Amino acid sequence: MICRQFRKDRRLNNQSAHRAGASADSDASAGCSISGRVEKNLPCLFLVVALALGVPFTFLNPPLQAPDEFAHFFRAYGVSEGQFVAHDTTSVPQGVVELVREFPPKLETDHRVREQDLIIAAHEPLQESYPAAVRNEGMGMYSFVPYLSAAAAIRLGRLFSVSPLVLLYLGRLANAITYVLLVYLALRLLPDFRFLLFCLALVPTALSQGNSLSTDAISFAVAFLFAAYLLKLAVDPAVSRIQHRHQAALGVLIVLAALCKADIILLLLAGLISSRTFSSVRARYFSLGCYAALAIATTAGWNFINAHNLQLWQAARLQLGISLTGNWQFVLQHPLLFLGAAYRTIQFHAFHYLDNFVSTVGWLAASIPAWAIWSYFALLLIVAFTQTRYVVFALWQKVLLAAVVSAGMASVFIMLWGFETPASYAQQFVLAGVGHVPGVQGRHFIPFAFPCLLILSNTKLRLNARWLPVLLTVGTICLTSGATWMTIRHTFYVPDVATRFTGSFEGCLVKKPGNGSDALAVYFIENGRKRPVTSVDWVRAKGLKWPSALKVVRPEELDAIPSGPNLP
């Protein structure tokens with residue numbers, strides 16, 4: 001639990017406990033790796049660093065290139081129109097549909113982006129008078145709560161008739177601000193382990209998702225806040241007795257977590273709260289039962305209200321050969337086979353999960369350099385081992401933390417098994433003792449990373465310094481974020497050399513020199529892309545003289561220009 005000198009203080013009144021905690025905190029912080037003053041300022045430092053490193057993700061990530069971001073855009077737009085329970089179809093402006101066509105999922109496989117493309121898209125009309133009905137079963141099953149901040153920003157943008165791209169950026173910024181403020185509050189609430197949460201909340205995956213329209217922006221932040229408040233009730237010496245205000249605040253967080261896709265399994269951390277903070281042991285178990293009942297009631301209540309959308313989503317999965325009920329029955333009927341598939345999945349994808357945990361580029365489009373992944377992973381381990389100020393967990397509490405992490409990871413694998421596994425795959429491979437659990441990504445484990453790293457916490461290993469750990473940490477965070485930015489630019493954007501060549505040949509007919517097969521292809525450079533010319537009649541209709549208008553360019557120059565669709 002907490003160090004022995006606080007165990008007696010638990011029996012004192014609030015004022016005495018506060019004085020004892022403050023005194024012990026001062027004594028402990030004197031020998032800790034970072035001073036109490038530095039740790040006190042970590043929430044404010046987080047605001048600065050998170051905004052400085054996070055906002056670039058808002059504009060550097062190409063439009064709609066976070067996982068499922070186009071679908072989140074549709075859902076957020078619907079919420080901005082008051083569709084708190086999603087309709088069968090969502091009515092969005094034609095301009096939004098055209099933005100999705102221009103920047104489709106896995107954009108890097110279609111074409112590369114130029115800054116000029118974004119400038120043009122930023123001036124495209126929204127076309128609200130020409131609505132288009134889109135189906136969005138995947139996001140229709142989610143609560144409206146994690147979309148509220150983005151929807152409010154989108155609603156504001158619609159008042160000024162901004163372009164679809166600007167609406168997207170406004171929604172991203174609103175989610176970013178919400179993410180930063182919720183994590184700031186979590187850091188303020190934590191009595192210890194602030195430095196660990198500081199590092200975890202600044203992992204590039206959390207920042208990139210936090211600066212997107214994905215619900216991960218809110219669910220990650222709510223998970224951090226939920227865990228932080230439970231730890232405050234469990235280990236803060238100032239909380240000598242659970243008051244009504246604590247119960248009310250925890251109740252609000254339980255409802256929020258249940259509605260924001262934050263894994264409600266984190267509620268098991270309430271088991272860390274000692275019986276001494278309740279009026280009796282019976283009151284403790286009664287309260288824990290009420291917390292669980294509230295979580296179940298909130299989840300069941302939303303599923304009841306949203307039952308129609310859940311049925312639509314299940315029907316959409318059935319069309320892909322995926323039966324949710326059948327998949328979960330498979331887990332119950334063949335638990336050992338499922339565990340074997342989960343083990344093989346972890347064994348085969350371990351580094352991939354670590355990569356995706358540290359940094360997410362597009363729809364898992366690329367990986368950042370291995371040195372950046374291992375550097376951040378090492379940073380988290382070092383901070384977990386050396387940056388505890390005074391809280392010492394008992395063995396049973398670490399066992400409970402391990403149980404929470406195990407239950408959380410199991411829930412991820414079970415849910416993704418149900419959502420993503422075709423029946424034919426389960427029958428053909430998993431029943432034969434081979435095959436994996438599809439759809440699992442490293443970012444899914446971020447909500448459980450905090451309690452997982454708490455298992456390593458101790459007060460014996462310390463780096464005796466003040467600002468040095470903070471400076472080294474911020475430096476590592478900046479380097480990893482910088483590596484992610486460079487990977488994004490390399491993956492999605494036209495290289496500078498290609499931009500220079502494109503500008504030189506815009507509006508021209510071009511070909512390679514020679515008489516080979518490659519040299520026979522003729523292209524027209526339009527909007528920074530080389531579009532194959534299929535007819536001389538099109539050239540003449542364009543007002544160009546054939547063949548005198550044709551320019552011969554060096555192969556490396558033409559190859560550097562991204563390809564576009566064939567001309568008519």
Side-chain angles (χ1 to χ4, degrees), residues 1-3 6 21-22 24-46 49-50 182-203 206 220-239 253 266 268-274 376-395 397-402 404-405 408 445-463 465-466 469-470 472-474 476-477:
M1 204 162 68
I2 63 173
C3 27
F6 291 126
D25 181 56
S26 300
D27 294 339
S29 64
C32 284
S33 55
I34 59 175
S35 68
R37 179 177 298 179
V38 174
E39 180 150 321
K40 182 179 179 181
N41 292 326
L42 277 179
C44 294
L45 180 61
F46 173 80
V49 177
L182 289 177
V183 176
Y184 170 82
L185 180 58
L187 289 169
R188 289 290 303 270
L189 289 172
L190 274 176
D192 201 349
F193 313 114
R194 284 185 175 183
F195 202 35
L196 179 57
L197 182 58
F198 175 89
C199 297
L200 189 58
L202 290 173
V203 71
F220 288 169
V222 170
F224 292 151
L225 180 60
F226 191 29
Y229 194 69
L230 288 170
L231 284 172
K232 175 181 175 63
L233 297 182
V235 303
D236 192 347
V239 182
L253 285 175
L266 290 172
L268 294 175
L269 292 174
L272 296 173
I273 304 175
S274 171
Y376 212 106
F377 181 61
L379 171 68
L380 291 174
L381 292 180
I382 291 171
V383 170
F385 271 116
T386 67
Q387 297 302 318
T388 301
R389 295 179 61 214
Y390 62 81
V391 173
V392 179
F393 288 112
L395 177 60
Q397 290 174 312
K398 291 197 174 186
V399 171
L400 177 59
L401 287 171
V404 172
V405 175
F445 303 118
I446 287 181
F448 309 107
F450 189 42
C452 180
L453 292 169
L454 287 179
I455 299 172
L456 306 178
S457 65
N458 66 91
T459 57
K460 296 179 180 179
L461 298 175
R462 293 175 179 173
L463 296 175
R466 291 179 178 269
V470 177
L472 292 175
T473 296
V474 172
T476 303
I477 292 170

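Note that these values count all heavy atoms, side chains included, but never hydrogens, waters or copies made by symmetry. Remember, predicted model here, so these are calculated numbers, not experimental data.
- Rounding to the nearest 0.5 Å gives a distance of 9.0 Å between CG of L202 and CG of L197.
- Listed for the N458 side chain is a donor-acceptor partner under 3.5 Å among the backbone atoms of F385.
- Put simply, the side chain of V383 does not reach to within 4.5 Å of the side chain of L200, judged on heavy atoms.
- Considering CD1 of I446 and CZ of F220, their distance stands at 4.0 Å, rounded to 0.5 Å.
- Here side chain to side chain donor-acceptor pair (under 3.5 Å) pairs that include residues 184-201, with residues two or more places apart or in two chains, are Y184-R188.
- The minimum heavy-atom distance between L268 and L400, with the atom names listed, is O-CD2, 4.0 Å.
- Residues L401 and V405 have side chains not in contact (no heavy-atom distance under 4.5 Å, counting atoms from C-beta outward).
- Minimum heavy-atom separation, Y376 to C199: OH-O, 2.6 Å.
- The CG atom of L189 sits 6.0 Å away from the CG atom of L225 when rounded to the nearest 0.5 Å.
- Ring geometry, F198 versus F195: the interplanar angle falls under 30°, so the pair is classed parallel (tilted spans 30 to 60°).
- A distance of 11.0 Å separates CD in Q397 from CD1 in I273, rounded to the nearest 0.5 Å.
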Under the criterion ring-ring contact (aromatic ring centres under 6.0 Å, His included), I'd like the reasoning laid out for F193 against F393: C-alpha separation, chi angles, the key distance, then a yes or no.
CA-CA 12 Å; F193 313 114; F393 288 112; 5.6 Å; yes
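- Considering all non-hydrogen atoms of both residues, A206 and A201 come closest at CB-O, 3.8 Å.
- For the ring pair (Phe, Tyr, Trp, His ring centres under 6.0 Å) test, no residue two or more places apart in sequence or in another chain qualifies with F226.
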Side-chain donor/acceptor pairs under 3.5 Å, residues 448-457, sequence neighbours excluded:
unit_1	atom_1	unit_2	atom_2	d
S457	OG	L454	O	2.7

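- How far CG of L231 is from CG of L190: 6.0 Å, rounded to the nearest 0.5 Å.
- A heavy-atom distance below 4.5 Å is not found between the side chains of T473 and V470.
- For the pair L266 and L230, the tightest heavy-atom approach, listed with the atom from each and the gap, is O-CD1, 3.4 Å.
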